[in-house]
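A quick write-up on the structure given underneath.
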Amino acid sequence: MPYPKITKLWGLLEYKPQWTLSPQGWGILTISLIILLILLLRIVQPFLVVSQPIPSQILVVEGWMDEYAMKTAKTEFQQGKYDLILTTGEELGEGSVLASYKSYAGLAEAMLINLGVDPDKIVVIPTPRLKKDRTAASALAIKNWILASSLPIKAINLYSYDAHSRRSWFIFSRILYPEIAVGILAYPSPFYEPARWWASSAGFRTITSEAIAYLYAILIWQFMG
């Protein structure tokens with residue numbers, strides 16, 4: 001049976017009946033959202049902390065990582081039998097306690113040498129100091145160096161830190177494509193438990209901030225592309 005149309009205020013307002021959720025419907029919706037949240041909590045960390053290496057003789061290391069990450073980067077370099085290790089990172093500002101290394105790329109070189117990596121196997125590729133797009137700047141610097149070299153480099157493996165690895169992989173792949181294929185290796189953070197990342201402030205900050213940054217990177221590159 002159709003409902004009569006009710007109007008007020010000289011026809012400016014109009015009442016119409018509408019469908020709404022019943023208590024059972026609200027219950028199903030709530031349970032569905034809880035299940036979705038649980039699934040999201042379980043899959044987001046493994047998605048962001050990604051390792052998918054490819055056959056390559058070049059290992060690229062993001063220089064802003066700490067010495068613990070550099071130790072595993074050294075192990076990967078030796079076990080993977082790479083020919084070269086390229087370090088990236090922006091210039092260090094004057095007054096910094098690390099200023100003598102000139103850049104994070106230079107700092108990474110120093111740590112790797114201290115860990116026993118042959119200096120002749122390391123190539124330092126710094127970038128200028130930037131307020132944004134630092135990863136993109138590093139990727140572009142790596143690409144320019146490879147294309148300017150006489151080496152037949154068609155693939156690299158990028159060594160990054162924890163949840164930052166997915167975003168770095170995405171940006172490097174977009175910039176180096178199609179000339180150079182990019183694999184990825186992630187150093188897992190020791191500061192939170194991966195299966196319960198939301199249970200610690202370090203894990204919550206890391207995963208949520210990197211998830212947002214990754215989505216932002218996808219949107220930016222979509223508009224740019």
Side-chain angles (χ1 to χ4, degrees), residues 33-53 59-77 79 85-93 95-99 101 103-112 114-115 117 126-127 129-139 157-174 182-221:
L33 290 175
I34 291 173
I35 293 173
L36 181 62
L37 177 60
I38 292 172
L39 288 174
L40 182 62
L41 292 176
R42 290 187 178 277
I43 68 174
V44 65
Q45 194 272 348
F47 175 77
L48 293 174
V49 186
V50 57
S51 287
Q52 291 188 26
L59 182 66
V60 177
V61 175
E62 294 194 288
W64 51 267
M65 297 187 292
D66 60 30
E67 190 172 3
Y68 296 103
M70 293 300 164
K71 287 180 180 179
T72 56
K74 171 207 168 185
T75 301
E76 169 63 23
F77 179 71
Q79 293 180 350
I85 184 166
L86 313 183
T87 62
T88 71
E90 65 177 349
E91 295 174 348
L92 291 162
S96 168
V97 294
L98 303 174
Y101 298 105
S103 68
Y104 282 107
L107 176 61
E109 176 196 33
M111 287 191 286
L112 290 167
N114 187 57
L115 291 168
V117 178
T127 58
R129 293 191 72 190
L130 299 170
K131 292 184 178 180
K132 63 177 184 176
D133 299 329
R134 291 183 290 270
T135 301
S138 291
N157 275 325
L158 174 64
Y159 199 88
S160 188
Y161 186 83
D162 199 68
H164 191 271
S165 57
R166 174 66 67 170
R167 179 158 56 104
S168 288
W169 189 29
F170 172 77
I171 294 173
F172 267 75
S173 297
R174 290 296 297 262
V182 181
I184 186 67
L185 292 153
Y187 172 74
S189 172
F191 300 112
Y192 68 89
E193 182 183 347
R196 290 175 50 82
W197 59 265
W198 62 87
S200 69
S201 60
F204 187 83
R205 288 195 307 270
T206 298
I207 300 301
T208 54
S209 63
E210 284 297 339
I212 294 170
Y214 175 66
L215 292 174
Y216 175 77
I218 291 177
L219 291 174
I220 290 298
W221 282 95

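Throughout, residue positions are numbered sequentially from 1 according to the sequence presented.
Pairing each heavy atom of Asn157 with each of Gly183, the nearest pair is OD1-CA, 3.3 Å. Taking both residues in full, the closest heavy atoms of His164 and Trp64 are given as ND1-CZ2, 3.7 Å, listed atom of the first, atom of the second, then distance. Shown here for Ser189 and Tyr161, the closest heavy-atom pair between the two residues is OG-OH, 3.4 Å. What you find for Leu48 and Ala211 is that their closest heavy atoms are CD1-N, 3.9 Å. Smallest separation of non-hydrogen atoms from Ser160 and Met65: C-SD, 3.4 Å. Contact detail for Glu67 and Leu115: the closest heavy-atom pair is OE2-CD2, 4.1 Å.
Looking at Thr127 and Arg134, their side chains never come closer than 4.5 Å, going by heavy atoms from C-beta outward. Two residues are said to be in side-chain contact when any heavy atoms from C-beta on lie closer than 4.5 Å; Phe77 and Leu112 fail this criterion. Side-chain contact between Thr206 and Phe191 is absent, with no heavy-atom pair separated by less than 4.5 Å. Using a 4.5 Å cut-off on side-chain heavy atoms (C-beta onward), Phe172 and Thr135 make contact.
The CE atom of Met70 sits 13.5 Å away from atom CD of Glu76, with the distance rounded to the nearest 0.5 Å. Atom OH of residue Tyr214 and atom CZ of residue Arg166 lie 5.5 Å apart, to the nearest 0.5 angstrom. In this structure, CD1 on Ile218 lies 5.5 Å from CZ on Phe170, to the nearest 0.5 angstrom. Here Glu62 contributes atom CD and Tyr104 contributes atom OH; the two are 13.0 Å apart, rounded to the nearest 0.5 Å. Rounding to the nearest 0.5 Å places CD1 of Ile207 at 5.5 Å from CG of Asp162. To the nearest 0.5 angstrom, Ser138 atom OG is 10.0 Å from Ile171 atom CD1.
Other residues, nucleotides and ligands contribute more than 12 heavy atoms inside 6.0 Å of the CZ atom of Phe47.
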Assess whether side-chain contact (heavy atoms from CB on, under 4.5 Å) is satisfied between Leu59 and Leu185, documenting all intermediate values.
-> CA-CA 10 Å; Leu59 182 66; Leu185 292 153; 4.2 Å; yes
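We find that Glu210 and Arg167 are joined by a salt bridge, their nearest charged nitrogen and carboxylate oxygen being less than 4.0 Å apart.
Aromatic ring orientation, Tyr187 versus Tyr159: tilted (interplanar angle from 30° to 60°).
Thr72 places a side-chain N or O within 3.5 Å of a backbone atom of Ala69 that can act as its donor or acceptor partner.
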